[in-house]
**Q** 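Below is the structure I would like to discuss, written out as structure tokens.
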Amino acid sequence: QVRLVESGGGLVQPGGSLGLSCAASGSIGAMGWYRQAPGKQREVVARISSGGSTYYAVSVKGRFTISRDNAKKTVYLQMNSLKPEDTAVYYCNAQDITTYQIYWGQGTQVTVSS
């Protein structure tokens, strides 16, 4: 079974930067970050395969960077040039490479406000 523990998040001013990390246990394949703003559906932010191939949502491309350390089973999200519309609860997810089941972290709040 996969367990995900997120860290990072918090309050930052527009234009600022913030980093998130998510440590996993178990056999991990693809990992990703999603977010959910109040009153909106959860949406993908960025994803990264076990081989390092990345995907970004159009709204964050060029501002956010996803990376992973396979030895530490950890995925990172570096967020730069943050905007108020980036405010959301950010969730890490990962796929169990054995069962293909998707697991989710507990979520961490990111608030961009002056």
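What you see is a predicted model, and the numbers here were worked out from it, not measured in a lab.
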**Q** Report yes or no: do Val12 and Val89 belong to one cluster of Ile/Leu/Val/Met/Phe/Trp/Tyr joined by side chain heavy-atom distances under 4.5 Å?
**A**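 Val12 and Val89: separate clusters.
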**Q** So do Ser49 and Tyr55 actually touch side chain to side chain, heavy atoms under 4.5 Å?
**A**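 They are not in contact (no side-chain heavy atoms under 4.5 Å apart), so the answer is no.
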**Q** Ignoring hydrogens and angles, tell me if any N or O in the side chain of Ser113 forms a donor-acceptor pair with the backbone of Thr111 under 3.5 Å.
**A**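 Judged by distance alone, no pair lies under 3.5 Å.
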**Q** Between Asp96 (side chain) and Thr99 (backbone), is there a donor-acceptor pair under 3.5 Å?
**A**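 Checked: pair present.
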**Q** Go through the structure and list residues passing side-chain contact (heavy atoms from CB on, under 4.5 Å) with Ser81, not counting sequence neighbours.
**A**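 Only Arg63 meet the side-chain contact (heavy atoms from CB on, under 4.5 Å) criterion with Ser81.
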**Q** With side chains defined as the heavy atoms from C-beta onward, is the minimum distance between Cys92 and Gln106 less than 4.5 Å?
**A**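 Cys92 vs Gln106: side chains apart.
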**Q** Keeping Glu6 on the side-chain end and Thr108 on the backbone end, is there a donor-acceptor pair under 3.5 Å?
**A**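 Yes.
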**Q** Ignoring hydrogens and geometry beyond distance, is a side-chain donor-acceptor pair present between Tyr90 and Arg35 at under 3.5 Å?
**A**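 Yes.
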**Q** Residues in salt bridge (Lys or Arg N to Asp or Glu O under 4.0 Å) with Arg42, at least two apart?
**A**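 Testing Arg42 for salt bridge (Lys or Arg N to Asp or Glu O under 4.0 Å), a comparison that skips the adjacent residues, returns none.
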**Q** Does a donor on one side chain and an acceptor on the other come within less than 3.5 Å for Glu85 and Thr87?
**A**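 No pair is found: no donor N or O on one side chain lies under 3.5 Å from an acceptor on the other.
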**Q** On a heavy-atom basis, which atom in Thr98 and which in Ser27 lie closest, and how many Å separate them?
**A**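 For Thr98 versus Ser27, the nearest heavy atoms are OG1-CB, 4.0 Å.
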**Q** Gln95: what forms a side-chain contact (heavy atoms from CB on, under 4.5 Å) with it, not counting sequence neighbours?
**A**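 Testing Gln95 for side-chain contact (heavy atoms from CB on, under 4.5 Å), a comparison that skips the adjacent residues, returns Tyr100, Ile102.
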**Q** Could you tell me whether the side chain of Val110 reaches within less than 4.5 Å of the side chain of Asp86, counting heavy atoms only?
**A**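 With C-beta onward as the side chain, the pair stays apart.
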**Q** My understanding is that only residues two or more places apart in sequence, or in another chain, count here; which of them pass side-chain contact (heavy atoms from CB on, under 4.5 Å) with Ser25?
**A**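 Here the qualifying residues are Arg3.
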**Q** Check whether any side-chain heavy atom of Asn93 lies under 4.5 Å from a side-chain heavy atom of Tyr103, and answer yes or no.
**A**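 No, too far: nothing below the 4.5 Å cut-off.
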**Q** Please find the pair of heavy atoms, one from Ala57 and one from Val44, that lie closest to each other, and give the distance.
**A**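 Closest pair (atom of Ala57, atom of Val44, distance): CB-O, 3.5 Å.
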**Q** Would the distance check show the side chain of Lys73 and the main-chain N or O of Gly26 forming a donor-acceptor pair, the cut-off being under 3.5 Å?
**A**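 Yes, Lys73 side chain to Gly26 backbone: donor-acceptor pair under 3.5 Å.
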**Q** Residues two or more places apart in sequence or in another chain: which of them pass ring pair (Phe, Tyr, Trp, His ring centres under 6.0 Å) with Tyr34?
**A**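 So Tyr34 forms a ring pair (Phe, Tyr, Trp, His ring centres under 6.0 Å) with Trp104.
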**Q** Hey, mind stepping through Asn80 and Ser17 against side-chain hydrogen bond (donor to acceptor under 3.5 Å, both in side chains) and telling me if it holds?
**A** CA-CA 4 Å; Asn80 298 328; Ser17 298; 2.9 Å; yes
**Q** Is Tyr91 linked to Met31 within one hydrophobic cluster, defined over Ile, Leu, Val, Met, Phe, Trp and Tyr using a side-chain heavy-atom separation of less than 4.5 Å?
**A**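 Not linked; separate clusters.
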**Q** Go through the structure and list residues passing side-chain contact (heavy atoms from CB on, under 4.5 Å) with Thr54, not counting sequence neighbours.
**A**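 In terms of side-chain contact (heavy atoms from CB on, under 4.5 Å), with neighbours along the sequence ignored, Thr54 is linked to Ile48, Tyr56, Ile66.
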**Q** In the structure I gave you, are the side-chain heavy atoms of Leu77 and Thr65 within less than 4.5 Å of one another anywhere?
**A**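 Not in contact.
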**Q** Is any side-chain heavy atom of Tyr76 closer than 4.5 Å to one of Leu20?
**A**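 The answer is no; the side chains never approach within 4.5 Å.
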